[in-house]
Engineer: 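Dumping the structure here so I can ask a few things about it.
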Number of protein chains: 2
Amino acid sequence: MTTDQTPPDTGTKPLRADARRNRARLLEVAEAVFTERGTGASTEEIAREAKVGIATVFRHFPTKEALWEAVLVRRLQRLAEEGRRLMTESGPAHAFFAFFDLVLDQSPVKNAFAAALADAGVDVRAATSEAGRALREVLVALLDGAQRAGVVRRDLEVPELTAILVGTCRMLEHLDGHPESAKRARAVVRDGMRAHPGSRGGRGRPHS
Amino acid sequence: MTTDQTPPDTGTKPLRADARRNRARLLEVAEAVFTERGTGASTEEIAREAKVGIATVFRHFPTKEALWEAVLVRRLQRLAEEGRRLMTESGPAHAFFAFFDLVLDQSPVKNAFAAALADAGVDVRAATSEAGRALREVLVALLDGAQRAGVVRRDLEVPELTAILVGTCRMLEHLDGHPESAKRARAVVRDGMRAHPGSRGGRGRPHS
DNA sequence: GACGATACGGATAGGCCACTCCGTTTGTCC
DNA sequence: GGACAAACGGAGTGGCCTATCCGTATCGTC
């Protein structure tokens, strides 16, 4: 909770108490609003929902895009954290799919997370790509562990893994309200990533 | 509302020659622009690119949303058509995956198509859901044929199939410029939909 | 509790965009 | 080829949205 997420270095002066609280609340609310209404949601709405003036929003985040970026970074950081936790708590064979499920469960709502991962992949800003890099490292470890354990097809690599997560998020978003279909869609992707039982340890799949 | 959209039926008065051409060109251009810049693209840009005044756009499509809807319907119609063609040209075992690839190849560019399918699934307007219904029928036939032929897992149903197409579009969009990764991501989904070689004809998968 | 610095809030500027009005052009039919 | 309706073009309008200015309130420190 504490986690003054903005890098604690950069010689930034200690923020005043209320400012600190407002900033945190803004990030919270912004994440919710962006998640619900998409990036097109107006800054005014976020301000209203966070019970601050618009000026306060722009004081903390010089631009709307900067706010979006900050929300993004927070998400990526949390995700990387949870990935690391899973790796130490479960064995490598389980951690990978646990993370897969966690990602998909975490954002049952809308597309914001997909956008987050998407942007991370494309490496937008410095901060974002910093957090994105951390997450990517976790993904590498998870994937490698699962492949060594023989539970994930060997030909899978990180770039497409990111895309698969993004795409599957979209699938589930689209199946919101149809839990049975969502379960099956998820199973399709999960099974597709699984090492083929027949081809023990070999390349991923016999043909195309 | 009545929706004087593309089909020359519904007793709509015969359009003047130039009007007809403009309308067609507008749809063409709008599809391209929406596909490239997203739904946020300005109507003015579409008008400019189509070499007509803005008023002409709004004369043919009373609202921006109506224009988007018309583009959508066109896409869905074309897709259903191609699905039907595939069904008669190839055997049922091949048609399903051929359609899968066709959908994914057809929109290598951006998200517009995904949005199309997505909206179709949720059934937005009357016209859209009409076209959407036609496409859904094709999907039913394709899926059923492939399942009878034993090449697609039995537990797959149409709702998640739509979502899978949408989500996979997004995957590939995200992997634009990385053809190898895109190929593997596509393989993951395709293999996930395939009937498991071990479980012959049975339910889709042993567990969760 | 008082003072300086820091942060806040609301009114507002400025830009973009969907949509309209009306004078002008173009197609169609005789 | 002429007349009438249909369609066109583009300037204009109103609304929304990002971003800023400045007077006011709050924090932190003595």
Side-chain angles (χ1 to χ4, degrees), chain A residues 4 6 10-34 36-72 112 124-125, chain B residues 1-6 8 10-34 36-72 112 115 124-125:
Chain A
D4 54 332
T6 355
T10 55
T12 40
K13 56 277 165 182
L15 229 47
R16 221 170 73 177
D18 53 347
R20 200 171 179 63
R21 260 182 307 148
N22 278 337
R23 191 176 196 285
R25 192 143 34 91
L26 267 174
L27 278 171
E28 208 76 39
V29 169
E31 179 161 349
V33 172
F34 279 143
E36 204 150 337
R37 312 247 202 298
T39 329
S42 84
T43 317
E44 220 161 337
E45 183 174 352
I46 293 171
R48 191 164 3 99
E49 203 124 341
K51 277 160 186 148
V52 298
I54 314 157
T56 300
V57 181
F58 284 97
R59 193 172 306 112
H60 284 289
F61 308 94
T63 210
K64 186 190 181 181
E65 197 187 346
L67 172 58
W68 167 240
E69 211 173 288
V71 168
L72 221 84
V124 254
R125 299 274 166 282
Chain B
M1 31 187 54
T2 64
T3 97
D4 57 326
Q5 43 122 171
T6 344
T10 56
T12 41
K13 57 279 162 185
L15 228 46
R16 224 171 71 176
D18 52 347
R20 199 168 181 67
R21 260 181 307 148
N22 279 337
R23 191 176 195 286
R25 191 143 35 90
L26 267 174
L27 279 172
E28 208 77 37
V29 169
E31 178 162 350
V33 172
F34 279 143
E36 204 151 336
R37 312 246 202 297
T39 328
S42 84
T43 318
E44 218 161 340
E45 184 174 350
I46 293 171
R48 192 165 358 100
E49 202 123 345
K51 276 160 188 150
V52 300
I54 313 159
T56 299
V57 181
F58 284 97
R59 194 171 306 112
H60 284 289
F61 308 95
T63 212
K64 186 190 182 181
E65 197 187 346
L67 172 58
W68 165 241
E69 210 174 288
V71 168
L72 221 84
V124 254
R125 299 275 167 281

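Chain letters run A, B, ... following the sequence lines, proteins first, then strands; residues in each count from 1.
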Engineer: Please tell me if the side chains of B:L72 and B:F34 come closer than 4.5 Å, counting only heavy atoms from C-beta onward.
Structural biologist: no

Engineer: Would one find a side-chain N or O of A:T63 under 4.0 angstrom from OP1 or OP2 of D:dA19?
Structural biologist: yes

Engineer: NA contact type, B:A66, heavy-atom cut-off 4.0 Å: base, sugar-phosphate, or nothing?
Structural biologist: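 Counting heavy atoms under 4.0 Å across all strands, no contact is made by B:A66.
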
Engineer: Quiz question: going by heavy-atom distance under 3.5 Å, is there a donor-acceptor pair between the base of C:dA7 and the side chain of A:R16?
Structural biologist: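 A donor-acceptor contact between them is absent.
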
Engineer: Rounded to the Å, how far apart are A:F61 CZ and C:dA7 C1'?
Structural biologist: 14 Å

Engineer: Nearest-nucleotide wise, let me know which of B:L15 and B:G40 is further upstream toward the 5' end of DNA chain C.
Structural biologist: B:G40

Engineer: Which pairs of donor and acceptor atoms, one on a side chain in residues 43-57 of chain A, lie under 3.5 Å apart (sequence neighbours left out)?
Structural biologist:
{"residue": "A:E45", "atom": "OE2", "partner": "A:R37", "partner atom": "NE", "Å": "2.9"}
{"residue": "A:E45", "atom": "OE2", "partner": "A:R37", "partner atom": "NH2", "Å": "2.9"}

Engineer: With the threshold set at under 4.0 Å for non-hydrogen atoms, list the residues of residues 51-58 of chain A touching DNA chain C in residue-number order.
Structural biologist: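 When residues 51-58 of chain A is checked for heavy atoms under 4.0 Å from DNA chain C, the hits, listed by number, are A:K51, A:V52, A:G53, A:A55, A:T56.
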
Engineer: Do the non-hydrogen side-chain atoms of B:F61 and B:V71 ever get within less than 4.5 Å of each other?
Structural biologist: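 With C-beta onward as the side chain, the pair stays apart.
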
Engineer: So, is B:T43 close to the C:dA18 phosphate, meaning a side-chain N or O under 4.0 Å from OP1 or OP2?
Structural biologist: yes

Engineer: For the helix from C:dG1-D:dC30 to C:dC30-D:dG1, what is the angle between the axes at its two ends, each from 5 pairs, rounded to 10°?
Structural biologist: 30°

Engineer: Rounded to the nearest Å, what distance is computed from the NZ atom of residue A:K64 to the C1' atom of nucleotide C:dG14?
Structural biologist: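 Atom NZ in A:K64 sits about 17 Å away from atom C1' in C:dG14.
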
Engineer: Roughly, in whole Å, what's the span from CD in A:E45 to C1' in D:dC17?
Structural biologist: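 It is 12 Å, rounded to the nearest whole Å.
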
Engineer: About how many Å separate NE2 of A:H60 and CG of A:L15, when rounded to the nearest 0.5 Å?
Structural biologist: 6.0 Å

Engineer: Tell me the interatomic distance from A:R59, atom CZ, to C:dT6, atom P, rounded to whole angstroms.
Structural biologist: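 Computing the A:R59:CZ to C:dT6:P distance gives 13 Å.
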
Engineer: Can you tell me how far P of D:dT26 sits from CZ of A:R20, to the nearest Å?
Structural biologist: 21 Å

Engineer: Distance check: side-chain N/O of B:N22 vs OP1/OP2 of D:dA7, anything under 4.0 Å?
Structural biologist: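 Checking D:dA7 against B:N22, no side-chain N or O comes under 4.0 Å of OP1 or OP2.
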
Engineer: Tell me: CD of B:E44 to C1' of D:dC8, nearest whole Å?
Structural biologist: 16 Å

Engineer: Quick one: A:L26 CG to C:dC8 C1', roughly how many Å, whole number?
Structural biologist: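 From A:L26 CG to C:dC8 C1': 12 Å.
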
Engineer: Counting just side-chain N and O atoms, does A:H60 come under 4.0 Å of either OP1 or OP2 of C:dA7?
Structural biologist: no

Engineer: Can you measure A:F34 atom CZ to D:dC17 atom P for me and round it to whole angstrom units?
Structural biologist: 13 Å

Engineer: If only atom types and distance count, is the side chain of A:K64 paired as donor or acceptor with the main-chain N or O of A:S42 below 3.5 Å?
Structural biologist: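 Here the side-chain-to-backbone pair does not exist.
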
